[in-house]
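Because the structure is predicted, anything quoted here is derived from the model rather than measured. Proteins come first, then strands; the chains are lettered A, B, ... in the order of their sequence lines, and each starts at number 1.
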Amino acid sequence: MPEGPELHLASLYVNKMCNGVVFTGPVRKSDVSKSPDVPFTCEAYRITATSRGKEVKLTLTPIKSDDPKQRVKSGHADQPMAVVFRFGMSGYFRFTKEEELPKHAHLRFYSKEKPCRVLSYVDARRFGSWEPNGTWQPERGPCIMFEYNSFRENVMSHLTDRAFDRPICEVLLNQKYFNGIGNYLRAEILFRLNIPPFVPARTVLEGLESQDLFDNEKPVKNEITDTKTKKKRMKEETADLLRLCHSVPLEVVNLGGKGYDPEKADYSDFEAWLQCYYVDGMKSLRDHNGRTMWFKGDPGPMAPKDSKSPKAKKRAKKEDDHDYTDKKKVARSRSVSTSKKKLVKGEAMTKMPNKEKEAGSKKIKTEKALREANTPHHEKKSARRRKSSIPDQAACAVSQRRSGRVTRQSAK
DNA sequence: CGTCCACGTCTAC
DNA sequence: TAGACCTGGACGG
């Protein structure tokens, strides 16, 4: 679940679910986990969470006894402890009844209630980790979402760093500067600005301001500028890559309780939100680190020539189950049409929308028809159909839109 | 059944 | 710049 927005949503989930809940006893770890034990035991404590970029910190706070003379049991904590988590590729938190512990619940905090409940850190692949008495990793930069000004300043004041010699799409994954950006966010952000992914990062960034005067909450006040200037500013504003590194992730947070790989119920909203990542019609290439970069149009001068682009094989959207919201699914009225934007006309190849399988969808027809109308039909990809899980219409339409398989240009 | 792919770091050659 | 570290879902045969 893991890019900045998901980590933040995880912190909101913990605060909401654990608000008012009293936890007790030791923190327990699964036998299979290689992460450290969390040496914290307490008769009564509370749990709160905060996030920063791609990390979440839980704070375990002992509750003082009413009885001032009651001593803290030996071996029991009387001071707060922080535990910092990184989610790897599949981490998330869940708060469940003890008998409903999720599979792969590797670290567990037990409530004091009668039938107790458990806050679990769940991580199927175990790439995630936690650190008792931890602090935010010092090598990671300021949070792209909640430390926007310092994030910006940190990037702009280090443009001479050799790190910026690399293609912008690869630099966006460098957590020293872009703490919170991950693979789907880099694709969405560059797509919004139509920036070729394999252009030298410094070229794209130099020229931007260290300070975003047009900051969020303060929409340029008392500034008497002529319309022209204003327009220009607006333009720059919307075209500012660093600003999008802040605002695009916040859009995901605002979708409410989900993000990548969330509960199936709400997942369709996230899918509908994606404009490029895994979307039919978009191209993809493996970057120099072997990560799939999704984009549209020109790859840019530093594109891995050689290369291996992703196998044109399977793609699938999983939809498991972790939703940080309680909201029951409301009828998804998301209109497909609104979510869809202009379709790209067939690019040189690589991926084209695939044809849909006759199987389920039917309402999709329209969309598809539209797309084909604008798309040169020279393609033939085998389309693989991703199961998308969401049964209702919008969902179908959405999944249809993005389910295509891609066909990589062959590798010669 | 087997292959490929996945929201991310880490560290070893 | 490669693996290593893991599980599991979607596909292909």
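With no hydrogens or angles considered, a side-chain donor-acceptor pair links A:Y184 and A:E6 at under 3.5 Å.
B:dG8 atom C1' lies 12 Å from atom CZ of A:R186, rounded to whole Å. For the pair A:Y184 OH and B:dG8 C1', the computed distance is 14 Å after rounding to whole Å. Atoms CD (A:E170) and P (C:dT1) sit 9 Å apart, rounded to a whole Å. Atom OH in A:Y267 sits roughly 14 Å away from atom P in C:dG9 (whole-Å rounding). In this structure, CG of A:D123 is placed 16 Å from P of C:dC5, rounded to the nearest angstrom. Rounded to whole Å, atom C1' of B:dA6 lies 16 Å from atom CE of A:M293. Going from atom CZ of A:R125 over to atom C1' of C:dG9 covers 11 Å, rounded to whole Å. Atom CH2 in A:W130 sits roughly 19 Å away from atom P in B:dG8 (whole-Å rounding).
An OP1 or OP2 oxygen of C:dA2 is reached within less than 4.0 angstrom by no side-chain nitrogen or oxygen of A:R286. Between A:T292 and the phosphate of B:dA6, there is a side-chain N or O to OP1/OP2 separation shorter than 4.0 Å. Residue A:R126 has a polar side-chain atom (N or O) positioned under 4.0 Å from OP1 or OP2 of C:dT7.
Rounded to a whole angstrom, the distance from the P atom of C:dC5 to that of B:dC13 is 12 Å.
Under the side chain to side chain donor-acceptor pair (under 3.5 Å) criterion, A:H104 pairs with no residue at all, not counting sequence neighbours. In this view, A:H158 and A:Y177 satisfy the ring-ring contact (aromatic ring centres under 6.0 Å, His included) rule, not counting sequence neighbours. Contacts of A:E131 classified as side chain to side chain donor-acceptor pair (under 3.5 Å), with partners at least two apart in sequence or in another chain: none. When the ring-ring contact (aromatic ring centres under 6.0 Å, His included) test is applied to A:F146, the partners found at least two apart in sequence or on another chain are A:H8.
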* Could you write out DNA chain B as a dot-bracket string, with dots for unpaired bases, | for bases paired across to another strand, and Watson-Crick or G-U pairs counted at under 3.5 Å? -> ||||||.|||||.
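Aromatic ring pairs are classed by plane angle as parallel below 30°, tilted from 30° to 60° and perpendicular above 60°; the pair A:F85 and A:W130 is tilted.
Residues in residues 23-33 of chain A take part in these salt bridge (Lys or Arg N to Asp or Glu O under 4.0 Å) pairs, two or more places apart or across chains: A:K29-A:D37. For the salt bridge (Lys or Arg N to Asp or Glu O under 4.0 Å) condition, the pairs that include at least one residue of residues 47-62 of chain A, sequence neighbours left out, are A:R52-A:E147, A:E55-A:R86. Each side chain to side chain donor-acceptor pair (under 3.5 Å) pair with one or both residues in residues 114-123 of chain A, not counting sequence neighbours, appears once here: A:S90-A:D123, A:E113-A:R117, A:Y121-A:D123. For residues 33-57 of chain A, the ring pair (Phe, Tyr, Trp, His ring centres under 6.0 Å) pairs, not counting sequence neighbours, are A:F23-A:Y45, A:F40-A:Y45. Residue pairs satisfying the side chain to side chain donor-acceptor pair (under 3.5 Å) criterion with at least one member in residues 193-210 of chain A, sequence neighbours excluded, are listed as follows: A:D165-A:R202.
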Tabulate protein N/O versus nucleotide N/O from nucleotides 9-13 of chain B, keeping only pairs under 3.5 Å, one per line.
unit_1	atom_1	unit_2	atom_2	d
B:dT9	OP1	A:R140	NH1	3.0
B:dT9	OP1	A:R140	NH2	3.0
B:dT9	OP2	A:K54	NZ	2.4
B:dC10	OP1	A:R86	NH1	2.7
B:dC10	OP2	A:Q137	OE1	3.3

* To do: Check the pair A:K176 / A:D161 against side-chain contact (heavy atoms from CB on, under 4.5 Å), numbers first and verdict last.
  => CA-CA 11 Å; A:K176 179 176 178 184; A:D161 187 326; 3.8 Å; yes
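Of the residues in residues 99-106 of chain A, A:K103, A:H104 come within less than 4.0 Å of DNA chain C through at least one heavy atom, sorted by number.
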